[in-house]
Structures are given as C-alpha cells and as structure tokens.
Amino acid sequence: MKKIRTRFAPSPTGYMHIGNLRTALYAYLFAKSQHGDFILRIEDTDRARYVADAVEFIEKTLAAAKIIPDEGPHHGGEFGPYVQSERMEIYKKYAEQLVESGHAYRCFCVNDEPENNSDDKKFGGYNRHCRDLPAAEIEKNLAEGKPYVIRQKMPLTGETTFFDVLHGNITIANSELEDQVLLKSDGMPTYNFANVVDDHLMEISHIIRGTEFITSTPKHVLLYKFFGWELPTFIHLAPVMGKSPDGTVSKLSKRHGATSFNDLIEAGYLPEVITNYVALLGWNPKTNQEIFSMNELIEKFNLEGLSKSPAVFDYDKLDWMSGEYFKAMTDENFAEAADKFFGALDENLSAKKVYLSSLLKTRVNRLSQIPDTIKFLQVMPPLDAELFINKRNKVTVEKSIEIITPALKILEGVENWTVDALNEKIFAFVEESGLKMGTVMWPLRIALSGQKVTPGGVTEILFLLGREESFRRLNSALEFLKKS
RNA sequence: GGCGCUAUCGUCAAGUGGUUAAGACACCGCCCUUUCACGGCGGGUUCGUGGGUUCAAAUCCCGCUAGCGUCACCA
C-alpha cells in the first residue's frame with residue numbers, strides 16, 4: 001500500500017485562521033494516525049499578497065500547536081523546494097507540455113479588455129477568444145513579445161465526476177468549467193495549476209482542504225487526466241462558522257471575536273486547549289471522551305468521524321474545556337503558564353504566586369481573566385455599605401461591626417500567618433460566637449476585598465494580603481461602617 | 001442568477017429501517033456550601049418542510065425551503 005502523505009498548503013498571509021488551523025490539524029492527524037507524512041507547502045504565487053516573515057509565522061504557529069511537519073521549507077524533505085515561488089520552472093515545463101498536447105493554449109487577451117469578456121458570465125467572464133487562434137497568429141504575437149497567459153482547454157461537453165470521502169461522488173458538467181488560467185503572465189502558476197502539479201510531484205495521497213474547493217476540483221481532476229496522473233483521494237472539510245449577536249451564522253470572521261490561533265493565545269487559552277477544541281469541531285471520536293492530548297488525537301483520529309456539515313465555533317464550550325485543563329494542571333505549571341498574565345506583582349504577592357495559582361486555576365477559564373480577578377489584592381476597591389448587607393447570611397451594617405470588632409482581636413493573636421493557623425482561630429471564633437459560618441465570613445470578606453466574590457475564602461485572602469495589609473483593611477472598613 | 005454542498009436540542013453531536021433519539025457545553029431549578037468555584041440531583045415538544053418507498057423512516061428516494069460555497073492572471 002502506498003504511503004499516506006497529506007499536506008497543509010497555506011498562502012503566507014501572516015494570519016492563522018482557526019479554520020485553516022483545523023484543516024492543518026486534520027491533515028496532520030490523518031497522516032500521523034496512518035504512520036504517514038505531513039508536508040507543509042507554501043503557496044505564495046500571488047505576489048500582490050506577499051507578507052514579510054509570513055512563512056516563519058506559519059511555522060511558529062504550527063509548532064506552538066504541536067503540528068510538526070515532516071517536510072517543509074525549514075523541515076527538509078526529498079520533494080522540495082516547498083515554496084511555490086521557487087518552483088516556477090517546474091510549472092512552466094508542465095504548462096508547456098499541456099500546450100503541446102492540446103489541453104491548454106496561449107491567451108494574449110489583456111486582462112480587462114472588454115470585448116474579450118462576456119457579461120453573461122458564461123465562461124467565467126472570459127469568452128475563449130484565443131482558444132483556437134491560428135498558429136500563424138500565435139507565432140506573430142510571440143514574435144512581437146506580447147504577454148500571454150496559458151489557459152486550460154476545457155472539454156465543451158460531458159461531465160466530470162470525482163470521489164470525495166465525505167461527500168461521495170460529485171459530478172459537475174464540463175460546460176460549467178471555464179478555461180481557467182494555468183500560468184499567469186508573470187510566469188507564476190495559479191493555485192489551480194500549482195496545487196495539482198505539486199500534489200502529484202510531492203506524492204500527496206490525500207488532499208484535505210475546505211469545501212470552498214469542491215467546485216474547482218473537477219478542473220484539477222481534468223488536469224490529472226490530461227497528464228495521465230493517478231488521482232489522489234479528496235476530502236473536503238465543512239467550514240467553521242461563527243455566530244453573530246443577532247443569531248445569524250456565517251463563516252467565522254473577525255466580527256465574531258478572536259478567530260486566529262494567535263488571538264486565542266492572547267485571550268489566554270492554552271495551545272493544547274485550542275487544538276483539542278478545534279479537533280472536536282467537525283470530528284467526533286464516537287465515544288464520550290472530550291479531553292484529548294495530541295497523542296490521543298493521533299491514536300483515535302479517523303476519517304469516519306468527520307462531519308460534513310458546518311460547525312459553529314462556541315466560545316462557551318472553549319471556556320469550559322480551558323477550565324478543565326487548568327484544573328488538571330499542577331499549581332506550579334499553572335503559575336508558569338499564567339506568568340505573563342499576573343502583571344507586575346508586589347513582593348508579597350510575587351512570593352505567593354504558586355499559592356495564588358492554586359486558587360486561580362479552579363476559577364478562571366482564560367488566563368486573561370487573571371488581572372481583573374486579582375486586582376483587589378493589590379488595590380483595595382472602594383467600599384459600599386450595601387455590600388455588607390446580606391439577607392441569606394443575616395448580615396447588616398450593625399452586625400458587620402459586631403463581627404469585625406472581635407474578629408480583629410482574635411486575629412491579633414495569630415502568630416503564624418498561615419492559612420491553617422488562620423482557619424483554626426477563625427473557626428474557633430465562629431463556634432464561640434454561636435453564629436453561622438457564613439454570617440461571620442461575609443462581612444470579613446467584604447471588608448478585606450470590597451467584593452462579594454473572591455478567588456478563595458476569607459482565610460485564603462487574609463493569607464494572600466499578609467498580616468499588615470489585612471489589619472489595615474479591616475480597620476478602615478470598621479471606620480467606614482461606623483460612619484455609615 | 002447558474003452550478004455545487006449541507007440540513008438531529010441554542011451550540012458541538014451520537015444515530016446508517018424497529019432506540020424511552022446518547023453524551024457534552026450553555027441555560028433554568030433544587031441540594032450541598034465559607035462568597036465564587038467545585039460537586040450532586042433534576043428540567044427542556046431537538047430530527048426544516050411536503051410527498052413517496054416500507055408492516056415500520058431521523059435513517060432510503062423525489063420536490064420545496066433555508067444556510068453556505070463557487071463562478072479571478074486569490075488561494
């Protein structure tokens with residue numbers, strides 16, 4: 001059996017859309033699950049869209065996502081070069097071959113010459129003016145040095161059918177196919193030509209790409225036929241959609257929020273969370289497992305689980321999955337991953353990063369939520385008497401004063417400012433007071449944090465704040481309450 | 001508009017002629033609780049529509065509708 005070889009062939013735009021990342025992931029997973037090769041090929045045949053350093057950007061992004069090419073611009077391989085702009089002579093040679101065999105022809109029409117374009121869009125806007133140009137005229141044009149493109153000579157009748165793993169047989173009438181440009185006047189191939197030549201030369205066995213290529217596939221199939229090449233297996237993936245606030249669904253784009261791998265990293269999602277989530281957006285393992293490491297993904301991936309209908313990117317589910325990863329991390333690993341999101345911490349908090357991480361990792365879904373979550377530890381938010389009033393725990397402003405006052409005394413007696421010691425003292429205090437735990441804790445939390453919700457309980461907050469700052473806040477809260 | 005693809009809860013989805021139509025996220029309710037989180041329990045007219053085929057259809061066929069894609073010297 002032939003070796004399985006898949007490829008990811010992005011154009012170097014300097015942006016890794018989630019949809020593209022998923023295509024790369026599936027191509028990678030399929031190749032690896034079959035002990036095959038995954039190739040990275042850069043399709044930079046559009047000079048106008050060239051972006052500096054985009055190749056490096058793509059390689060870095062794939063590396064971050066743990067999608068490792070076996071061959072590519074900087075990964076070596078026997079089938080290079082892997083950048084299309086470096087393969088121009090190859091395309092030229094094959095295009096000429098097609099002209100000789102009568103399956104392509106030179107077209108001297110100027111791009112926007114109106115008489116050569118039909119309004120009815122019948123042939124994609126081109127009226128096949130040069131399709132049967134007399135040999136003498138071609139010679140004359142060539143001699144004059146007229147620029148030209150090479151166009152594919154489509155059959156006028158009949159139909160072309162190809163097999164797609166997901167969609168089965170797809171048939172399109174040849175009359176629908178335009179005489180597309182194979183080689184541009186600047187000598188660069190078009191996508192439709194280059195990808196066929198390269199996929200064949202690079203021995204790609206399975207072409208995994210988006211559905212937007214379904215309608216151009218018959219043109220590619222015809223090219224394989226003209227060359228007498230064996231057809232690869234096609235797998236056209238459904239697109240990744242985004243949901244707008246108004247409820248409508250369309251192809252995932254910027255207006256839906258973060259849509260590139262990098263956007264998501266900046267939003268504080270772990271790379272492995274992104275690949276895990278994206279893998280499940282359009283592929284189903286047929287079990288109830290949802291958390292997968294890359295190795296498990298490789299092990300379990302199969303084409304049968306691929307879905308042929310579009311999937312909507314769901315940020316809520318991404319958040320959930322992200323939280324699951326955090327909970328499974330050690331405090332140390334979390335602290336490390338979260339490091340740049342902590343911002344500038346004072347000496348006290350800086351020393352307690354790992355402890356802080358133990359509290360944070362169960363309550364945060366995105367690392368970018370960290371700054372807001374821990375801000376109160378660094379700057380005491382303004383108090384509001386309303387905050388102290390809590391019906392459920394039967395707490396009022398007066399009650400708060402009655403609790404904080406003796407609590408301060410108790411805390412003064414704490415020698416080791418540790419969570420355990422603080423717990424011991426406070427629990428004892430609660431018991432003596434005859435009050436409910438919640439009744440005692442509520443006003444203390446508010447006094448210490450100015451928030452109803454905090455990452456951790458009162459004793460954890462006391463510990464994080466440190467002795468000095470805790471007393472400062474408790475005392476000033478007491479003063480505040482007495483004035484209210 | 002032509003051509004093509006798609007259609008199961010709000011979302012991801014299982015399902016391949018006979019199921020009480022899984023599971024997850026989100027949502028709602030209840031419980032637990034030191035707030036939040038975590039955890040536990042419970043909840044919801046989900047097979048776009050109209051015709052067939054069949055003893056039996058979410059599953060097969062046809063039409064319709066809707067969404068998406070494509071019709072470049074972009075990929």
Checklist entry - Between B:A37 atom P and A:Lys452 atom NZ, what is the distance in whole Å? => result 14 Å
Checklist outcome for this item: Assign each of A:Leu281 and A:Gly438 the nucleotide of RNA chain B bearing its closest heavy atom; nearer the 5' end lies the nucleotide of A:Leu281
Item to check | B:U34 OP1/OP2 closer than 4.0 Å to side-chain N/O of A:Thr459 | outcome: no
Checklist entry - Is there a donor and acceptor pair, one atom on the side chain of A:Thr215 and one on the base of B:C3, closer than 3.5 Å? => result no
Next on the checklist: Need one value for A:Met188: base, sugar-phosphate or nothing, where a base atom within 4.0 Å counts as base even if backbone is also close, heavy atoms only.
Outcome noted: nothing
Checklist entry - Between A:Lys184 and B:C74, does any side-chain N or O lie under 4.0 Å from OP1 or OP2? => result yes
Checklist entry - Can you tell me how far C1' of B:G69 sits from CD of A:Glu212, to the nearest Å? => result 8 Å
Checklist entry - When the aromatic ring centroids of A:Phe162 and A:Tyr224 are compared, is their separation below 6.0 Å? => result no
Next on the checklist: Check the orientation of A:Phe334 and A:Phe326. Use parallel for under 30°, tilted for 30 to 60°, and perpendicular for over 60°.
Outcome noted: perpendicular
Item to check | Short side-chain N/O contact to B:U6 OP1/OP2 from A:His167, under 4.0 Å | outcome: yes
Checklist entry - Just checking A:Val149: base, sugar-phosphate only, or nothing, at a heavy-atom cut-off of under 4.0 Å? => result base
Checklist entry - Would you find more than 12 non-hydrogen atoms of other residues, nucleotides or ligands less than 6.0 Å from A:Glu324 atom CD? => result yes
Checklist entry - Which is true for A:Asp46 with a 4.0 Å heavy-atom rule: it touches a base, it touches only sugar-phosphate, or it touches nothing? => result sugar-phosphate
Checklist entry - Given that both distances must come in under 3.5 Å, which nucleotide forms a Watson-Crick or G-U wobble pair with B:G1? => result B:C71
Next on the checklist: Is it the case that atom NZ in A:Lys436 sees more than 12 heavy atoms from other parts of the structure closer than 6.0 Å?
Outcome noted: no
Checklist entry - Of the nucleotides B:A7, B:U35, B:G2, which one has an atom closest to the side chain of A:Glu176? => result B:G2
Next on the checklist: OP1 or OP2 of B:C12 versus the side-chain N and O atoms of A:Lys317: is any pair under 4.0 Å?
Outcome noted: no
Checklist entry - Between atom CD in A:Gln180 and atom P in B:C74, what is the gap in whole Å? => result 12 Å
Checklist entry - At under 4.0 Å between heavy atoms, what does A:Thr45 touch on the DNA or RNA strands: base, sugar-phosphate, or nothing? => result sugar-phosphate
Next on the checklist: If you assign each of A:Tyr191 and A:Leu318 to its closest nucleotide in RNA chain B, which residue comes earlier from the 5' end?
Outcome noted: A:Leu318
Next on the checklist: In this structure, is the centre-to-centre distance between the rings of A:Tyr269 and A:Tyr277 below 6.0 Å?
Outcome noted: no
Checklist entry - Could you give the NZ-to-C1' distance, from A:Lys308 to B:U6, as a whole number of Å? => result 8 Å
